[in-house]
Chemist: 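Submitted below is the structure of interest, expressed as structure tokens.
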Amino acid sequence: MAEPADDAEDGEDKIAKKARLEQLEPMEIVQIYTDSYHRSMDMLNIRHPSIEPRASGHIIEQIKMTQDIIDNGFAYEVNGSVYFDVVKYNSSNNYGKLSGRVLDELLENTRDLAGQEEKRNGVDFALWKKAEPEHIMKWPSPWSLGFPGWHLECSTMSAKYLGDYFDIHGGGMDLLFPHHECEIAQSQAANGKDPVKYWIHNNMITIDGQKMSKSLGNFITLEELFAGSHKLLSQAFEPGTVRFFILQAHYRGTLDFSNTALEAAEKGLNKLLNGIILAKKIATADNSTSNIAKLREECIKAISDDFNTPVLISHLFEAVRITNSVNAGEESISKDDLKSLNSIFEDFAVDILGLSKNQNQQGDNLMDPLMDLILDIRQESRANKDFATSDKIRDVLSKLNITTKDEDGGTSWSYEG
RNA sequence: GGUCGGUUGGCCGAGCGGUUAGGCACUGGUCUGCAAAACCAGCUACAGCGGUUCAAAUCCGCUACCGACCUCCA
């Protein structure tokens, strides 16, 4: 059973600056960002974590872990600050095993930087820092009035809520070193264990091939993406489209956002979702022209192969192709296979990838009878060869984002709100 | 400068030594009153230069670009 925990980093600096600027309490700023983050996650159909602990609520645990590391001889205190002794740690452990760094090379490379003079070596990192007078968020500790080091919060909170050895730790590739490397060192130094079984690092995002950065002016927020309010975007993109777009690339590769790529994703997703809906109502035959069981195996293989979502999606499009071909009378499917086909869509597209049609057109008391009436009138004019009227109806509906399709049994419609 | 990773067709994006990835766009065909959708077919690439191999987008080397990290920033 997965027990997701999302670590809300509510540390100093940016938050403190913002708080001074807005004349609010630091924790009010944290709340504003947390709320906005939750809204975006909800829209993207991302499930809520079981717990979202905050670093500032776990000062006691962080002080204890610091003390444990000192007691075990892997940290030292200087002027009220406590530093992790990386060189000593490395003599009995392997600092760099996650990121592939070699300590000797790191030591050679370390530059002389301000604020380093307290440390024995440049590679050492702070477990506890004594606060300067202007520092807003600070707490008493055995060493000083201060605040915990950055790497410590993850170690203490994950250990508290997930146990001191848990299955999966995620995060961006930019955190691999030094942050995650230090988490391992802290856990080893405190209790002699690796904290994590599997590390999953996702790659970074680029915009039109360039890295996303505020200075380049190509920084796009999720809110802007959903609203279409950015100069690089020609339109708003549904959260579902953004989700699908992200899943079409592997998480370990860089993801390149662009307007054209998002437009392509929107069309592709539409095709997929229409296929899923259609598969629920196509006719069955005595036998099948496609191997549905094999298709399911391919899907399992793809997602089992380091979450290869792009390959999984390519198999789902094969399922859509089969659905459409059956619908067009060019292929056939048995009753059992259709059931299996629908469960492929349900299991992989809906449950695993979290893709589903927006519920803005089903069972509308006003829309449905109105559309029945309009399409009925159009059908009559077509029967009378009054194509001027029938085309006018179709054109106006099209402008309202209602697409009509003339099929054998009548005209169907769909609304892309 | 150091370490690591990337460079795939018009665009996005899989691929881990031999087989059509997939999506979008485009072209032709079927269907349609005309469309749309759908189906069928076509376009079919691996940064450059060498090397290994019966066989390389895939392995090795060099070059050129791009990026991440190495900045007590969470």
Side-chain angles (χ1 to χ4, degrees), chain A residues 7-15 55 81 83-84 96 99-102 105-106 108-111 113-116 118-119 122-129 147-151 153-154 172-179 181-182 201 203-204 206 208-211 244-245 247-250 252-272 274-275 278 298 302 305 308-318 320-331 381-383 385-387 390-391 394-395 398 403-408 411-414:
Chain A
D7 151 28
E9 312 208 324
D10 57 350
E12 186 70 18
D13 202 49
K14 286 172 199 159
I15 291 164
S81 292
Y83 296 98
F84 190 97
S99 56
R101 311 279 162 139
V102 177
E105 290 172 2
L106 288 171
E108 282 173 26
N109 242 315
T110 303
R111 310 175 200 171
L113 291 162
Q116 298 259 39
E118 287 180 348
K119 295 194 218 170
V123 290
D124 291 353
F125 56 90
L127 296 174
W128 186 266
K129 282 286 277 185
F147 53 95
W150 162 38
H151 310 303
E153 58 187 63
C154 290
M173 240 173 64
D174 53 335
L175 295 176
L176 201 149
F177 187 88
H179 187 49
E181 196 68 62
C182 293
H201 290 103
N203 214 315
M204 312 314 282
T206 57
D208 289 324
Q210 277 192 311
K211 71 168 171 177
F244 177 73
F245 174 70
L247 291 169
Q248 264 194 307
H250 190 91
R252 275 191 287 104
T254 52
L255 178 68
D256 190 42
F257 270 79
S258 69
N259 196 66
T260 49
L262 282 162
E263 282 174 343
E266 182 175 60
K267 288 177 185 165
L269 175 62
N270 236 357
K271 180 177 180 173
L272 177 59
N274 286 337
L278 182 63
E298 297 283 342
D305 180 16
N308 200 329
T309 53
V311 169
L312 172 58
I313 287 170
S314 78
H315 296 314
L316 292 175
F317 275 110
E318 171 64 9
V320 170
R321 210 214 88 241
I322 293 166
T323 303
N324 286 326
S325 288
V326 171
N327 186 238
E330 284 163 27
E331 292 194 32
S381 56
R382 285 181 73 208
K385 307 258 185 217
D386 177 11
F387 296 124
S390 66
D391 286 355
R394 187 173 64 196
D395 291 346
S398 171
T403 309
T404 53
K405 288 186 219 169
D406 296 332
E407 291 163 338
D408 287 347
T411 301
S412 69
W413 62 279
S414 60

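Per chain, numbering begins at 1; letters A, B, ... match sequence-line order.
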Chemist: Determine whether a donor-acceptor pair (one donor, one acceptor, N or O, separation below 3.5 Å) exists between the side chain of A:D174 and the base of B:C73.
Modeler: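 A donor-acceptor contact between them is absent.
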Chemist: May I have the distance from A:F387 (atom CZ) to B:C34 (atom C1'), rounded to whole angstrom?
Modeler: 8 Å
Chemist: When the distance from CG of A:L278 to P of B:A36 is rounded to whole Å, what number comes out?
Modeler: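 Atom-to-atom, A:L278 to B:A36, this comes out as 19 Å.
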Chemist: Remember a base hit wins even if backbone is also touched, and classify A:T206 as base, sugar-phosphate or nothing at under 4.0 Å, heavy atoms.
Modeler: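 Nothing: the residue A:T206, judged by heavy atoms under 4.0 Å, touches no strand.
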Chemist: Nearest whole Å is fine: how far is B:U71 P from A:D124 CG?
Modeler: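 The distance from CG of A:D124 to P of B:U71 comes to 12 Å, rounded to the nearest Å.
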Chemist: At less than 3.5 Å, do the side-chain atoms of A:N203 and the base atoms of B:G67 form a donor-acceptor pair?
Modeler: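 Answer is no: no donor-acceptor pair is held.
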Chemist: A:N274 has an atom CG; how far is it from atom C1' of B:A38, in whole Å?
Modeler: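 Going from CG in A:N274 over to C1' in B:A38 covers 11 Å.
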Chemist: Under 3.5 Å, is there a donor-acceptor pair between the side chain of A:S325 and the main chain of A:I322?
Modeler: no
Chemist: Looking only at atom P, what distance separates B:A21 and B:A14, rounded to whole Å?
Modeler: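 These two P atoms come out 15 Å apart once rounded.
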Chemist: Quote, to the nearest angstrom, the P distance that separates B:C34 from B:U30.
Modeler: 11 Å
Chemist: Can you work out whether A:T404 or A:E331 has the more 5'-proximal nearest nucleotide on RNA chain B?
Modeler: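 This one resolves to A:T404.
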Chemist: Extract all donor-acceptor atom pairs below 3.5 Å that involve side chains of residues 253-260 of chain A and protein atoms in other chains or at least two apart in sequence.
Modeler:
| unit_1 | atom_1 | unit_2 | atom_2 | d |
| --- | --- | --- | --- | --- |
| A:D256 | OD1 | A:T206 | OG1 | 2.8 |
| A:D256 | OD1 | A:D208 | N | 3.2 |
| A:D256 | OD1 | A:G209 | N | 2.6 |
| A:D256 | OD2 | A:G209 | N | 3.4 |
| A:S258 | OG | A:T260 | OG1 | 3.4 |
| A:S258 | OG | A:A261 | N | 3.1 |
| A:N259 | OD1 | A:S234 | N | 2.9 |
| A:N259 | OD1 | A:S234 | OG | 3.4 |
| A:N259 | ND2 | A:S234 | OG | 2.9 |
| A:N259 | ND2 | A:E263 | OE2 | 3.3 |

Chemist: How many angstroms lie between atom CD1 of A:I313 and atom CG of A:L272, to the nearest 0.5 angstrom?
Modeler: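 Answer rounded to 0.5 Å: 7.5 Å.
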Chemist: Once you round it to whole Å, what is the distance between P of B:U3 and CZ of A:R101?
Modeler: 11 Å
Chemist: Please report the distance separating the C1' of B:C24 from the corresponding atom of B:C59, rounded so that it comes out in whole Å.
Modeler: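 Roughly 33 Å separates the two C1' atoms.
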Chemist: Where does RNA chain B pair, written as one dot-bracket string 5' to 3', with Watson-Crick or G-U pairs under 3.5 Å, ( ) inside the strand, [ ] for crossing pairs and | for another strand?
Modeler: ((((((((.[[[..)..(...]]].(((((.......)))))....[[[[[..)....]]]]])))))))....
Chemist: What about A:R394, does its side chain sit under 3.5 Å from the base of B:A35 through a donor-acceptor pair?
Modeler: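 Side chain to base: pair present.
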Chemist: Which nucleotide, B:C70, B:A38, B:G33, lies nearest any side-chain atom of A:F177?
Modeler: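 For the A:F177 side chain, the nearest candidate turns out to be B:C70.
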Chemist: For A:R382, what residues pass the salt bridge (Lys or Arg N to Asp or Glu O under 4.0 Å) criterion, not counting sequence neighbours?
Modeler: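 Only A:D406 meet the salt bridge (Lys or Arg N to Asp or Glu O under 4.0 Å) criterion with A:R382.
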Chemist: Identify, with sequence neighbours excluded, every residue that meets salt bridge (Lys or Arg N to Asp or Glu O under 4.0 Å) alongside A:D386.
Modeler: none
Chemist: Hey, can you tell me if A:F84 and A:F125 have their rings parallel, tilted or perpendicular (30° and 60° cut-offs)?
Modeler: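 It falls in the parallel class, under 30°.
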Chemist: Rounding to an integer number of angstrom, what distance separates B:G10 and B:C16 when you compare their P atoms?
Modeler: 23 Å
Chemist: When you get a sec, tell me which of B:C70, B:C72, B:C39 is the closest nucleotide to the side chain of A:R321?
Modeler: B:C39
Chemist: For atom C1', what is the distance between B:C12 and B:C46, given to the nearest Å?
Modeler: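 Here B:C12 and B:C46 have their C1' atoms 15 Å from each other.
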Chemist: Taking the same atom, C1', in B:G5 and in B:A47, what whole-Å distance lies between them?
Modeler: 16 Å
Chemist: Between B:C39 and A:N324, is there an OP1 or OP2 to side-chain N/O distance shorter than 4.0 Å?
Modeler: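 Answer yes for this pair, as a side-chain N or O of A:N324 is under 4.0 Å from OP1 or OP2.
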Chemist: Could you check how far CZ of A:F125 sits from P of B:U71, rounded to whole Å?
Modeler: 14 Å
Chemist: If you define the side chain from C-beta out and look only at heavy atoms, does anything of A:P148 sit under 4.5 Å from A:E153?
Modeler: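 They are not in contact (no side-chain heavy atoms under 4.5 Å apart), so the answer is no.
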Chemist: If you only use heavy atoms from C-beta on, which nucleotide in B:C34, B:C70, B:C73 is closest to the side chain of A:W150?
Modeler: B:C73
Chemist: Return the value, rounded to whole Å, for the distance between atom CE of A:M204 and atom C1' of B:G67.
Modeler: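 Taking atom C1' of B:G67 as the reference, CE of A:M204 is at 10 Å.
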Chemist: Can you build the contact string for nucleotides 11-23 of chain B? Use B for base contact, S for sugar-phosphate-only contact, and - for no protein heavy atom under 4.0 Å.
Modeler: SSSSS-----BSS
Chemist: In whole Å, I'd like the distance from the CG atom of A:L272 to the P atom of B:A38.
Modeler: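 Going from A:L272 (CG) to B:A38 (P), I get 12 Å.
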Chemist: Once rounded to the nearest 0.5 Å, what's the spacing between atom OG1 of A:T309 and atom CG of A:L316?
Modeler: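 The CG atom of A:L316 is 10.5 Å from OG1 of A:T309, to the nearest 0.5 Å.
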Chemist: When rounded to the nearest Å, what value does the distance between P atoms of B:C40 and B:C31 take?
Modeler: 16 Å
Chemist: Can you name the residues that form a side chain to side chain donor-acceptor pair (under 3.5 Å) with A:E331, not counting sequence neighbours?
Modeler: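 Per chain and number, A:E331 pairs via side chain to side chain donor-acceptor pair (under 3.5 Å) with A:T289, A:S290, A:R321.
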Chemist: For A:P310 and A:H250, work out which heavy atoms get closest and say how close.
Modeler: CG-N, 3.5 Å
Chemist: Give a yes or no answer on whether the side chain of A:N327 reaches the backbone of A:T323 with a donor-acceptor pair at less than 3.5 Å.
Modeler: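 Checking the backbone N and O of A:T323 against the side chain of A:N327, no donor-acceptor pair under 3.5 Å is found.
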Chemist: Distance check, P atoms only: B:C4 and B:U44, in whole angstrom units.
Modeler: 39 Å
